[in-house]
Amino acid sequence: MMCTRIASAAYPGARAFVTPQSIRRLATATAPPVASAAHNHKVVVVGGGSAGLAIVHQLLRTGRFSQDDLAVVDPAEWHHYQPGWTLVGGGLKKKEDLRQPLKSLIDPKLKFYNDGVRAFSPEDNLVTLSNGDKLGYEQLVVAPGISINYANIKGLPEALADPDSLVSSIYGYETCDKVFNTVQKLQKGTAIFTQPAGVVKCAGAPQKAMWLALDHWKRAGRYLPSDPSSPIKIAFATGLPTMFGVPKYSAKLEELRQERGVEGLFQHDLVAVVDGNKAVFAHGADKQQVTREFDLLHAVPKMGPHAFVKDSPLANEAGFVDVDDGTTQSRKYANVWSAGDASSLPTSKTAAAITAQAPVLVRNLLRTMDGQALEPESIYDGYTSCPLVTEYGKVLLAEFKYGGVPQETFNRWFGIDQVEPRRAFYHLKKDFLPWVYQNYMVKGTWAGPKGWKR
Ligand code: UQ1
């Protein structure tokens, strides 16, 4: 679960720079080219998403790399600004405006392999592409994100694909615009918004979709909070025991839920959609089956590591790239690194988290490449953020680190308590962040709360 993935204790810093003896020390700047590789690169970055692009362009900007020294591997045609899909769900943005051809975002000095990964062979410093080609590397960054597994909820793929159903999800490009269509269509009945047990990216997004829909219906006079005669009724069905994994923000969101008359179905994990209008949940520890009828369903699919990561020697038991919580270095291979959703870093999976992870990873990777020990201060503290839209025009800006400890940028500088939903944070989310992401973060010049970097 997202909330339990947040480390319960503060990061034990000492572990970060005491490298286990068992770790491989072979791959440094002096590593010989790999004879069996079709192509050799100094650094191979798997993934052209938020983490991959930020990292590879930060590496390039050091000026240490020549043409094709750095390679990016990704089979995608498009790069999406996924944090914007919540806003598409609220009718605030067009999904077409949130994507760019991936190729157009990759600096011409980089080698781009527009292909998937079949296998990692870290003992041989090799990555095998889907087309069979082998890439040799000195350093490897694994940042391919996570996989969305729609089929793990029975009947969900069919319900999402049916253009006439009121079943949608902000979690996919195909369906994020269906969300607002279904919200506009619903005149009366029960709307259910779900959040699965287990790992999801952006643990706040499932309820953002709900808060925007609620506000839309309220403004249209179809939702009357806590009034039994309300034409529309709303339930939030979550696999988790609370509204959010961090107590400070969870308390506020629970207060909003109660104030706004939203039914809370906690520890309800959606397992099936049947007959077009029934949601089946596994409830509690004994997974007791609970069925609820709906008129509108916003479903959040199950997510998990990609098979090519999970089935590789790089993975931990849960299937994520097994890296040190502080250094982002693989616990098994000293020349392997990971950040973003694919990594084992025990924090909430967001683009904001990557703004803090990427500079640490880059610094530590370069030190390792130079055969130098890691610096004790180059440690990721678990920083992540969730700009939680609570209504049109208001955002609660959750920012926290490992242990669910709040670390609020605007509290630090201006003494503003970010638990209070505010208009300024709404504009940060809707206008500033998409702009800074596209113009700076993917180019390697944005470090989140630490601002712009060279
Ligand atoms: C951020 O930098 C970022 O990436 C561009 C996000 O992802 C969209 C965020 O959600 C947040 C909160 C940040 C952090 C930036 C500031 C100014 C706190």
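Note that the structure is predicted; figures quoted are calculated from it, not measured. Just so it is clear, the values below take in all heavy atoms, side chains as well, and ignore hydrogens, waters and symmetry mates. One-based numbering, in listed order, for ligands and for the atoms of each.
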Worksheet entry | Row check, Y113 ring normal vs K111 NZ/CZ: under 6.0 Å, within 45° | yes
Response to the item:
Of all protein heavy atoms, the one nearest atom 1 (C) of ligand 1 is L433 CD2, 3.6 Å
Worksheet item: Does W446, backbone or side chain, put an N or O under 3.5 Å from an N or O of ligand 1?
Response: yes
Fill in: Closest to atom 11 (C) of ligand 1 among A352, A356, A353 (heavy-atom distance)
A352
Fill in: Residues D325, R331: salt bridge by 4.0 Å N-O rule
yes
Item to complete: Indicate, as side chain, backbone, both or neither, the part of K429 found under 4.0 angstrom from ligand 1 when only non-hydrogen atoms are considered.
Response: neither
Discussion item. Does the structure place the NZ or CZ of K332 under 6.0 Å from the centre of the six-membered ring of F120, at an angle of no more than 45° from the ring's axis?
Written reply: no
Discussion item. Under 4.0 Å between a side-chain nitrogen and a carboxylate oxygen: does that hold for R412 and E399?
Written reply: no
Worksheet, complete the sentence: M441 heavy atoms within 4.0 Å reach ligand 1 at atoms 4 (O), 5 (C)
Discussion item. Under 4.0 Å between a side-chain nitrogen and a carboxylate oxygen: does that hold for D341 and K349?
Written reply: no
Discussion item. Tell me if the centroids of the rings in Y392 and Y426 come within less than 6.0 Å of each other.
Written reply: no
Worksheet entry | Nearest-contact summary for atom 10 (O) of ligand 1 - protein heavy atom, Å | P387 CG, 3.3 Å
Item to complete: Around atom 8 (C) of ligand 1, find the nearest protein heavy atom and jot down its residue, atom name and distance.
Response: Y81 OH, 3.3 Å
Worksheet item: Is E375 salt-bridged to R367, going by a charged N under 4.0 Å from an acidic O?
Response: yes
Worksheet item: atom 7 (O) of ligand 1: which protein heavy atom is closest, and how many Å away?
Response: A351 CB, 3.5 Å
Item to complete: Please state which part of F425 comes within less than 4.0 Å of ligand 1, counting heavy atoms only: side chain, backbone, both or neither.
Response: neither
Discussion item. Suppose I only count heavy atoms of T409 and a 4.0 Å limit; which atoms of ligand 1 are within that range?
Written reply: 18 (C)
Item to complete: Within a distance under 4.0 Å of any heavy atom of G448, pick out the atoms of ligand 1 and give their elements.
Response: 2 (O)
Worksheet item: So, H283 versus F281, ring centres under 6.0 angstrom or not?
Response: no
Worksheet item: Does Y383 have a non-hydrogen atom less than 4.0 Å from ligand 1?
Response: yes
Worksheet item: Do the charged groups of K252 and D417 touch, with an N to O distance under 4.0 Å?
Response: no
Item to complete: Specify side chain, backbone, both or neither for S385, according to which of its non-hydrogen atoms lie closer than 4.0 Å to ligand 1.
Response: side chain
Fill in: Contacting atoms of ligand 1, where contact means under 4.0 angstrom from a heavy atom of E399
18 (C)
